[in-house]
Amino acid sequence: MTKRIIFIASALILIGVSIYVIYINSHLKPHENLDVPYEEVNKGVIDIEVEAVKSITENISSPIEIAALIKEMGVPFNRDYLAPTEYVSSYSTNYAQAFALGVFSADLGYLNMYNKTGSVIDYLSTIKNLADGINVGQYFDFATLKRLASNSSNVDSLKYISVHSFNQIDQNLRQRKRGNLSALIIAGAWLEGIYITIQVSKIKPDPKLLEKIGEQKIILSDLMTLLASYAKDPIFKNYVNEFNNIKAKFDEVKITYEQGEPVTVVENGMMTVVQKDKSIVHITTQQLNEISQIVELTRNKLIKQ
Amino acid sequence: MTNFLTMMPKKCKQNINIVLRMFGRVRMIKYVLLSSVQFTRVLFVFGIAVAVWGFSGQHAIAQSGSKLVELCNSVAGDDATYLKDFYVELDAAGPEGKAPEQRFTIVLSKNTEYRFTVCNAEGSQGKAILQLYDVSKLYASTYNPQTGQTFQSFNFQCQKTGAYHLIVSFLDGKKGSAVVIASFVRTL
């Protein structure tokens, strides 16, 4: 009798799994991916709408723009700006891993922009370990990236696959309702990006760099909206508090706007739209110093946690 | 040895016999009369096969999305650095005639030139139209309704840091799928 029950149960489970797989396969859209359920990290986290998060976070703090600006100013590459990888093995939570993943994604952008393919491998390996730690390692094509990094002529492909991998990780986390980790990756990338900008501004206080730092007030405001939505989680709240300290310093920065009508030019079949609206950042030396201090303090503290 | 039929309810066995008689396929009884162990094995193999088929199929679909992104990124040009992609899939316009659209929000930085490129997916019925807005102002569109002229890409020289909206729809409200690539061109 027991054997029969086991047999029937096994048969039903197998049929059930088969039907489920067929159903999932026929209902997935092209950009959806399967992933291991990850309930643990969502404990105590409010379930905010995917679309609402998306509307806030698309392309927040891309490390590419900042790295390009720094490079165009003729500032030489400095490895000291990059986050140390030595603390990675001691991260005890998925939050710490996700945050560090963001930090190292910004560092990778900086390395790639300067074509430092030789130094990239160490960072790629660290990123892969962190991505595995939060179960998204399958989106980070380490083997291909490592191969591309071994030849400096592949830097364009390296840039593309690096950024695309991070986009896929971000997309997957949000689709699987692990947006809290996605938010921390974004926060880490943003903090590292502004940290590097501040370090460069110390040796080259170019107005463009100072403006870049000041305008982060706008981006941080969006980022805080995103982070605050997960603040019910006590561990996550620590990150929110840290970023709130930074925001308090940015609140002092003033941004004004000028209106203007855009101009459209078509040249060689390419349309270019020149925006005539303008945002103008007003930042004092004292504000800049206070922002620099709090950013350095927070960044150095969070990468060790 | 316990066979499969002995475990079935009587009515179920009768139905199977009726079906088998109807089709005259008496030899099938041999398959039906598998032992429970054999049947479990068959089910197990079937389950594994379905799982392999299912997951490999999904992987292929995901790959095709990535291929389109890769292709569209090459269309964007060598002078553009990939930042983000947005996949769009929309149904045809309803009876009221308004073309469905999909909106994405993207943060753009001052003193930066961006390129936005739109590529239709293979087999897409409609041709995608991409528009760039801030809160209310339309800055650029890949389609000019006055002239009928279309562009696959446009550059945007941003002078105001903030959130912008990308709105994608399909010409004449047709059903379609496409990908939009946002790229960095240069610092101004």
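Nothing here was measured: the structure is a model prediction, and the numbers come from that model. Just so it is clear: chains get the letters A, B, ... in the order the sequence lines come, proteins before strands, and each one is counted from 1.
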- Between B/Y82 and A/D156, does a side chain to side chain contact (heavy atoms under 4.5 Å, CB included) hold up when you go through it step by step? CA-CA 9 Å; B/Y82 164 86; A/D156 286 342; over 6 Å; no

What I'd like to find out is whether the side chain of [X] reaches to under 4.5 Å of the side chain of [Y], using heavy atoms alone.
| X | Y | answer |
| --- | --- | --- |
| A/V273 | B/N155 | no |
| B/F184 | A/K159 | no |
| B/R115 | A/M270 | yes |
| B/Q159 | A/K276 | no |

Residue [X] versus chain B: region with a heavy atom under 4.5 Å:
| X | value |
| --- | --- |
| A/V281 | neither |
| A/E211 | side chain |
| A/K208 | side chain |
| A/I218 | side chain |
| A/K278 | both |
| A/F166 | neither |

Which portion of [X] sits near chain A, non-hydrogen atoms under 4.5 angstrom:
| X | value |
| --- | --- |
| B/E70 | both |
| B/Y164 | side chain |
| B/S141 | backbone |

- Query: Backbone N or O of B/L83 within a donor-acceptor pair of the A/N167 side chain at under 3.5 Å?
  - Reply: yes

- Report, as yes or no, whether the 6.0 Å neighbourhood of atom NZ on B/K174 holds more than 12 heavy atoms from other residues, nucleotides or ligands. no

When rounded to the nearest 0.5 angstrom, what distance separates [atom1] in [X] from [atom2] in [Y]?
| X | Y | atom1 | atom2 | value |
| --- | --- | --- | --- | --- |
| B/C158 | A/E65 | SG | CD | 9.5 Å |
| B/L132 | A/Q275 | CG | CD | 8.5 Å |
| B/T187 | A/I70 | OG1 | CD1 | 10.0 Å |
| A/I219 | B/S109 | CD1 | OG | 4.5 Å |

- Message: Go through it in stages, so that I can follow the logic: the residues are A/V163 and B/K84, the test is side chain to side chain contact (heavy atoms under 4.5 Å, CB included), and I'd like the CA-CA distance, side-chain angles, deciding distance and then a yes or no.
- Response: CA-CA 8 Å; A/V163 179; B/K84 199 93 186 169; over 6 Å; no

- B/T112, B/T81, B/N111, B/N73: which one forms the most heavy-atom pairs within less than 4.5 Å of chain A? B/N73

- Begin from the C-alpha positions of B/F156 and A/M271 and carry the test side chain to side chain contact (heavy atoms under 4.5 Å, CB included) through to its verdict. CA-CA 9 Å; B/F156 178 64; A/M271 175 169 58; over 6 Å; no

- Message: Please give me the minimum heavy-atom distance between A/Q168 and B/S66, naming the atom from each residue.
- Response: NE2-OG, 3.4 Å

- When you check the gap from the basic side-chain N to the acidic O, do A/E215 and B/K110 get nearer than 4.0 Å? no

- Task: Please identify each residue that fulfils side-chain hydrogen bond (donor to acceptor under 3.5 Å, both in side chains) with B/K137, with sequence neighbours left out.
- Result: A/D277

- Message: Before you tell me yes or no, could you show the steps for B/Y87 and A/Q171 under side chain to side chain contact (heavy atoms under 4.5 Å, CB included), namely the whole-Å CA-CA distance, both residues' side-chain angles and the distance that decides it to 0.1 Å?
- Response: CA-CA 11 Å; B/Y87 185 80; A/Q171 192 177 36; 5.7 Å; no

